[in-house]
Amino acid sequence: MQLPRDIVVGPDVIYDLKDVCNDLKLKEGAFIVTGHHTRKIAGDVVYDILNECGYDPAIASSKEASMTEVNKIVELATEANSRYLIGVGSGKSIDVAKLASTQLDLPFISVPTAASHDGIVSSRASIHDNGKKASIEVNAPMAVVADTSIIAKAPYRLLAAGCGDIISNYTAVLDWELAHRLRNEPFSEYAAALSRMTAQILMDSPEDIKPELESSVRIVVKALVSSGVAMSIAGSSRPASGSEHMFSHALDMVAPNSALHGEQCGVGTIMMMYLHGGDWKKIKECLEIIGAPTTASELGIEDRYILEALLVAHKIRPERYTILGAGLTPEAAEKVARLTKVIS
Ligand SMILES: NC(=O)C1=CN([C@@H]2O[C@H](COP(=O)(O)OP(=O)(O)OC[C@H]3O[C@@H](n4cnc5c(N)ncnc54)[C@H](OP(=O)(O)O)[C@@H]3O)[C@@H](O)[C@H]2O)C=CC1
Ligand SMILES: O=C(CO)COP(=O)(O)O
Ligand SMILES: [Zn+2]
């Protein structure tokens, strides 16, 4: 099991990066992978911090989580003789840096600028290749530096999306238990309990999550860290990714304009909880309090794509058994989407 050695969360901790690097015996040879927006927000700050220490860093922006971008970063980091990689930004930049560092067999540090997904700490990378998204086992970050002052200034939509990604742990664990019972799939009680407890913390007090509040960011970041740790314990994304994630991945494929990963997973959780016979109304209510989308129109996605995604979701990852089983009939898909008021 791989876990980060240092996890630093709090206001202005980006300026502790030098100490974190020193603790890990990482000095010269940083390669910073950042995004187009997040470069100005934090990528250049990280560059300046390391440059002022005389560590001679290199920096590149990545535009998408694709194998093309991973190959580009591997090439640039090799040319620069880099000794470690730092992913600074959103889910896509972090995933690209994570996979590139694994391919190069170099240490990786995660510096998220938004609390929008639990990949900030996980030993997985979600990368597009040949039109399909793959969840790849990678080395976990050696350290995570989550500056809550930066994250609190990110658009609130990103924080609400992170809550959707956490709440989705409920149905992910139910799917995992189902697969364990029906298919004798290996199951970790500890990873499942950690994942469920993480979702429970948010469900118990969703009103604590508010825009521009450093305390809200701290709650969500800590939950995302726990969720990522649960994946590392399990050695797969099972504790945090079930049928609701398959629905989100399917939506990414069928909808012309998909929404944020965590937003789609939250809406997926409402519908998958209905299929599990659980309290889907509570999930919906909790997302509403947080201010995350609960309907197709709030996602900015037409109803017909929701139905299309529901029909193909079981094919996204056939080896991962979930409540979707061999797939929904068109009538069942329409029923779950209408009853849960995801479509009107
Ligand atoms: N590896 C894993 O275990 C997991 C991976 N994922 C993956 O992560 C991705 C989703 O990540 P997510 O972060 O939701 O979405 P994106 O990576 O699509 O980022 C959304 C946008 O937010 C911007 N952004 C980030 N931080 C800030 C900020 N502080 N201020 C202003 N804008 C900001 C980004 O800018 P910029 O253009 O600079 O990037 C980007 O345009 C998906 O590809 C998903 O599959 C999700 C969960 C787990
Ligand atoms: O998004 C994830 C967990 O929140 C990772 O899951 P996937 O394995 O579905 O990419
Ligand atoms: Zn997710």
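Whatever order the structure lists ligands and atoms in, that order sets their numbers, starting from 1. Computed from a prediction, not measured in an experiment: that's the story for all the values here. What's counted below: heavy atoms across the whole structure, side chains too, no hydrogens, waters or symmetry copies.
Contacts with ligand 1 closer than 4.0 Å are made by no heavy atom of Ile151, backbone or side chain. The proximity of Pro155 to ligand 1, defined as any non-hydrogen pair under 4.0 Å, is limited to the side chain. In Thr113, the parts holding a heavy atom less than 4.0 Å from any atom of ligand 1 are both the side chain and the backbone. If you look at Asp165 next to ligand 1, the close heavy atoms, those under 4.0 Å, all belong to the side chain. The part of Ala125 lying near ligand 1 is the backbone, judged by heavy-atom distances below 4.0 Å.
Distance check for His261 against the Zn ion (ligand 3): an N/O/S atom falls below 2.8 Å. His117 lies apart from the Zn ion (ligand 3) in this respect, since none of its N, O or S atoms is found at a distance under 2.8 Å.
The Asp165 neighbourhood of ligand 2 comprises atoms 4 (O), with distances under 4.0 Å to a heavy atom of that residue. Residue contact check: Asp118 has heavy atoms under 4.0 Å from atoms 2 (C), 3 (C), 4 (O) of ligand 2. Close approach to Ser126 involves these atoms of ligand 2, each under 4.0 Å from a residue heavy atom: 10 (O). The atoms of ligand 2 that sit less than 4.0 Å from any heavy atom of His261 are 1 (O). Atoms of ligand 2 found under 4.0 Å from any heavy atom of Ser135, numbered from 1 in the order shown, are 7 (P), 8 (O), 10 (O). Here is the list of ligand 2 atoms found below 4.0 Å of a heavy atom in Ala240: 3 (C), 4 (O). For ligand 2, the atoms closer than 4.0 angstrom to any heavy atom of His249 are 7 (P), 9 (O), 10 (O).
Arg183 and Glu185 are not joined by a salt bridge, as no carboxylate oxygen comes within less than 4.0 angstrom of a charged side-chain nitrogen. The pair Lys153-Glu212 does not meet the salt-bridge criterion, since no charged nitrogen lies less than 4.0 angstrom from a carboxylate oxygen. With salt bridges taken as basic N to acidic carboxylate O contacts below 4.0 Å, none links Lys281 and Glu285.
The two residues Thr102 and Asn139 come nearest to each other via the heavy atoms OG1-N, 3.0 Å.
Between Trp280 and Tyr274, the ring planes are perpendicular. Angles over 60° get that label, and only those under 30° would be called parallel.
Considering only non-hydrogen atoms, atom 5 (C) of ligand 1 lies nearest to Asp95 out of Ile127, Leu159, Val138, Asp95. For atom 7 (P) of ligand 2, the choice among Met231, Arg317, Arg320 with the nearest heavy atom turns out to be Arg317. The residue from Leu260, Val96, Thr34, Asp252 that puts a heavy atom closest to atom 15 (O) of ligand 1 is Leu260. Which of Ser168, Gly119, Cys265 comes nearest to atom 2 (C) of ligand 1 through a heavy atom is settled by distance: it is Gly119. Of all the listed residues (Lys133, Lys92, His36, Met231), Lys133 holds the heavy atom that lies closest to atom 44 (C) of ligand 1.
Within a 6.0 Å radius of CD in Glu288, other residues, nucleotides and ligands contribute more than 12 heavy atoms. For Lys222, the NZ atom sits in a loose shell: 12 or fewer heavy atoms of surrounding residues, nucleotides or ligands are nearer than 6.0 Å.
Asp165 has its closest N, O or S atom to the Zn ion (ligand 3) at the position named OD1.
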Stepwise side chain to side chain contact (heavy atoms under 4.5 Å, CB included) test for Ser241 and Arg320: CA-CA 10 Å; Ser241 171; Arg320 183 162 291 190; 3.6 Å; yes
Could you go step by step and tell me if Lys284 and Lys341 meet the side chain to side chain contact (heavy atoms under 4.5 Å, CB included) rule? CA-CA 10 Å; Lys284 193 175 173 83; Lys341 298 188 174 59; 3.8 Å; yes
Working for side chain to side chain contact (heavy atoms under 4.5 Å, CB included), residues Leu174 and Ile323: CA-CA 8 Å; Leu174 287 175; Ile323 193 72; over 6 Å; no
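Close to ligand 1: Lys98, with a non-hydrogen atom less than 4.0 angstrom away.
At a 3.5 angstrom cut-off on N or O pairs, Asp118 does not count as close to ligand 1. Geometrically, ligand 1 and His249 share no nitrogen or oxygen pair separated by less than 3.5 Å.
The shortest side-chain heavy-atom distance between Asp19 and Val8 does not fall under the 4.5 Å cut-off. Counting only heavy atoms from C-beta outward, the side chains of Leu26 and Pro107 approach each other to under 4.5 Å.
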